[in-house]
Amino acid sequence: MIDFSTTTAFRLVRRLVMGQGTASMYLLIYDEGAQFAIEADLRAEVEVQMAIPLSIGRVSELLDGDDTLGLADAGPIRVLRIDRWSRDLVALLDTHVIRLERAGAQFLFLTTPALAERLLVEAPNFRNRLTEILRIIPDDLSGGGPH
């Protein structure tokens, strides 16, 4: 896997605040052991910096639901965890990426390195529309900076 730039929830949300009103899509790659800390950091930072609640859904829920991409109630920021691999996932993201852009929201896709690698190879339309691909780590509350 390529070594992508590293960010934290604080820095990412600061970037989202600066680009409010602009459609964007980020693929955020996390280590599995850090998933819950990263999700908690994202919720806290969005609530503090943007004064809105943040819900985190799973792409597999969209695959099982009637609303193809859940865009009706997306809000300004939509976080979707890519939690399992499937061909339907590739089809959903790769063929509907234009609908995501037109939704006008900022989409954050959270996934593991293994799933990200497969997705980047097998969903070229999705990959080409991403604003950025970043490795995300939990915020360091000790003040020591990223490791």
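Since the structure is predicted, the reported quantities are computational estimates derived from the model, not experimental observations. In what follows, residues are counted from 1 in the order of the sequence shown.
Under the ring-ring contact (aromatic ring centres under 6.0 Å, His included) criterion, Tyr30 pairs with no residue at all, not counting sequence neighbours. Residues forming a salt bridge (Lys or Arg N to Asp or Glu O under 4.0 Å) with Arg15 (at least two apart in sequence, or on another chain): Glu132. For the side-chain contact (heavy atoms from CB on, under 4.5 Å) test, no residue two or more places apart in sequence or in another chain qualifies with Thr95. Under the side-chain contact (heavy atoms from CB on, under 4.5 Å) criterion, Arg129 pairs with Met25, Val97, Ile98, Glu101, sequence neighbours left out. Under the side-chain contact (heavy atoms from CB on, under 4.5 Å) criterion, Ala23 pairs with no residue, sequence neighbours left out.
In this structure, Asn128 contributes its side chain and Pro124 its backbone to a donor-acceptor pair below 3.5 Å. A donor-acceptor contact shorter than 3.5 Å links the side chain of Thr111 to the backbone of Ile82.
Tracing side-chain contacts under 4.5 Å through hydrophobic residues (I, L, V, M, F, W, Y), one reaches Leu12 starting from Ile52; they form part of the same cluster.
Rounded to the nearest 0.5 Å, atoms CD1 (Ile29) and OG1 (Thr7) are 12.5 Å apart. Between the CG atom in Leu80 and the CG atom in Leu28 there is a gap of 11.0 Å [rounded to 0.5 Å]. For the atom pair CD (Gln106) and CD1 (Ile77), the distance works out to 5.0 Å, reported to the nearest 0.5 Å.
Minimum heavy-atom separation, Val46 to Val13: CG2-CG2, 3.8 Å.
Applying the side-chain hydrogen bond (donor to acceptor under 3.5 Å, both in side chains) test to every pair with at least one member in residues 46-55, sequence neighbours left out, gives these pairs: Glu45-Gln49. Judged as a salt bridge (Lys or Arg N to Asp or Glu O under 4.0 Å), the pairs with a partner in residues 16-43 (not counting sequence neighbours) are, in order, Asp31-Arg135, Glu39-Arg81. Applying the ring pair (Phe, Tyr, Trp, His ring centres under 6.0 Å) test to residues at least two apart or on different chains, the pairs with a partner in residues 117-140 are Phe109-Phe126.
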### Query
Does the pair Leu89 and Leu115 meet the rule for a side-chain contact (heavy atoms from CB on, under 4.5 Å), with working shown?
CA-CA 11 Å; Leu89 166 72; Leu115 288 173; 6.0 Å; no
